[in-house]
Amino acid sequence: MYDYYLGGSHNFAVDRQRAAEVLVVLPQARVFARQNRAFLRRAVRYFVAQGIQQFLDLGAGLPTVGAAHEVAVECRVVYVDDEPTAVAHGQLLLAGNPLAACVQADITRPDEVLDHPDTQRILDFDQPLGVLLCAVLHFVPDERGPAGVVRAYREALAPGSMLALSHATATDYPDLLAEVVDTYRVTQNQAYPRTRAEVTGLVASFEQLVWPGVVYTPEWRPEHVADIGDPTESLAYAVVATCP
Ligand SMILES: C[S@@+](CC[C@H](N)C(=O)[O-])C[C@H]1O[C@@H](n2cnc3c(N)ncnc32)[C@H](O)[C@@H]1O
């Protein structure tokens with residue numbers, strides 16, 4: 001569905017049908033996907049500018065156009081997703097690339113992700129790492145402890161590592177969002193949008209927030225002011241946090 005919002009071609013009829021239903025109710029879903037992806041690209045570039053040369057992309061989806069290994073060429077990247085088709089597709093795309101791998105795992109089980117042979121082969125946990133948690137934690141309910149999941153990854157990181165997180169917001173367009181949450185209920189990914197305060201709480205285990213803190217995705221260090229538009233239409237917050 002996300003790929004369809006992005007205008008991609010890696011989607012199936014059932015995805016297109018459900019995504020089209022969402023777009024009727026909430027046309028901003030396209031803005032959400034594009035602005036989220038643009039935030040991810042800016043965050044990866046920012047990490048590289050800070051000297052980070054390896055990435056763990058949690059809930060990566062398909063590593064297609066604009067994925068971390070394309071933005072940060074020559075960096076090492078492990079993509080993680082629990083959706084078998086996305087992972088199989090990703091493994092094909094990355095075949096023969098010694099610097100990147102696509103791992104099938106549930107990100108709410110950090111030990112399985114961190115101990116996976118491909119993670120261990122590609123990433124060096126003694127060096128700073130960029131962790132991406134973009135548009136995925138809103139699929140993790142409070143009962144599964146999303147802040148504890150973030151903390152578990154934080155504890156595995158060397159000083160100088162960074163986290164980029166984006167997350168659907170519950171604050172704007174509440175009636176429309178309620179309908180969309182209903183649509184997602186019948187998919188494999190039930191959605192749990194959260195408030196700005198709740199999103200801030202998710203990254204509490206990281207010591208510092210990079211300026212400008214928790215903002216709408218297009219407001220996080222935009223390349224051009226004109227790219228921001230109506231920030232509420234992005235339907236998502238973004239934050240970058242560090243562990244010095
Ligand atoms: C909206 S896509 C985001 C893709 C990418 N991170 C981005 O921001 O462009 C969310 C992805 O998270 C994956 N996902 C959801 N829950 C997950 C979990 N518990 N473990 C691993 N992947 C998960 C879905 O399969 C989907 O590919």
Side-chain angles (χ1 to χ4, degrees), residues 1-8 10-12 14-15 18-19 22 26 28-44 47 55-72 77-91 93 102-114 116 118-119 130-150 152-153 163-169 180-181 183-185 187-194 199 202 217-218 220 234-240:
M1 289 168 70
Y2 178 70
D3 182 68
Y4 181 83
Y5 302 147
L6 283 172
H10 301 280
N11 47 65
F12 295 102
V14 62
D15 307 320
R18 294 251 181 263
V22 168
L26 192 67
Q28 295 90 334
R30 274 198 205 285
V31 182
F32 159 79
R34 291 192 179 140
Q35 289 288 11
N36 177 67
R37 203 72 188 165
F39 161 68
L40 186 151
R41 281 194 298 271
R42 294 198 300 281
V44 169
F47 288 0
F55 292 84
L56 178 60
D57 189 347
L58 300 165
L62 280 173
T64 52
V65 181
H69 76 284
E70 290 195 353
V71 178
V77 186
V78 172
Y79 296 101
V80 181
D81 207 283
D82 64 354
E83 210 283 299
T85 318
V87 173
H89 207 119
Q91 287 170 340
L93 288 170
C102 207
V103 166
Q104 187 180 346
D106 181 343
I107 62 148
T108 65
R109 297 185 179 150
D111 288 349
E112 287 177 24
V113 172
L114 296 168
H116 191 284
D118 283 337
T119 310
V131 177
L132 307 176
L133 269 168
C134 290
V136 62
L137 279 187
H138 51 237
F139 295 123
V140 178
D142 287 345
E143 305 87 85
R144 284 167 70 193
V149 170
V150 177
Y153 288 106
L163 167 75
L165 179 141
S166 61
H167 194 295
T169 169
V180 169
V181 167
T183 305
Y184 272 86
R185 198 159 283 147
T187 72
Q188 288 164 347
N189 286 312
Q190 189 166 341
Y192 304 90
R194 293 188 169 92
V199 172
L202 292 179
T217 45
W220 197 87
S234 69
L235 304 172
Y237 293 120
V239 59
V240 169

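Read the numbers this way: they start at 1 and go in the same order the structure lists the ligands and their atoms. Because only heavy atoms are used, hydrogens play no part in the values below, and waters and symmetry mates are left out as well, while side chains stay in.
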Q: Any side-chain heavy atom of Val131 sitting closer than 4.5 Å to one from Leu165?
A: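 No, their side chains stay 4.5 Å or more apart.
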Q: Tyr2: which residues meet the side chain to side chain donor-acceptor pair (under 3.5 Å) condition with it, sequence neighbours left out?
A: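 Once residues adjacent in sequence are excluded, the partners of Tyr2 under the side chain to side chain donor-acceptor pair (under 3.5 Å) criterion are Asn36.
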Q: Indicate the ring-plane relationship of Phe47 and Phe55, choosing parallel, tilted or perpendicular according to the 30° and 60° boundaries.
A: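 If you compare the ring of Phe47 with that of Phe55, the planes turn out parallel.
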Q: Report the residues that fulfil side chain to side chain donor-acceptor pair (under 3.5 Å) with His69, sequence neighbours left out, ordered by chain and then residue number.
A: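 For His69 the side chain to side chain donor-acceptor pair (under 3.5 Å) partners, ignoring immediate neighbours, are Tyr79.
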Q: Between Leu56 and Tyr153, is there a side-chain heavy-atom distance shorter than 4.5 Å?
A: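 Yes; the side chains approach each other to less than 4.5 Å.
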Q: Given a heavy-atom cut-off of 4.0 Å, could you list the residues near ligand 1 in chain and number order?
A: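 Residues Tyr2, Asn36, Arg37, Leu40, Gly59, Ala60, Gly61, Asp81, Asp82, Glu83, Ala105, Asp106, Ile107, Cys134, Ala135, Val136, Phe139, Asn189 each place a heavy atom under 4.0 Å from ligand 1, listed by chain and number.
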Q: For Arg194, what residues pass the side chain to side chain donor-acceptor pair (under 3.5 Å) criterion, not counting sequence neighbours?
A: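 Listed in chain order: Asp142, His167.
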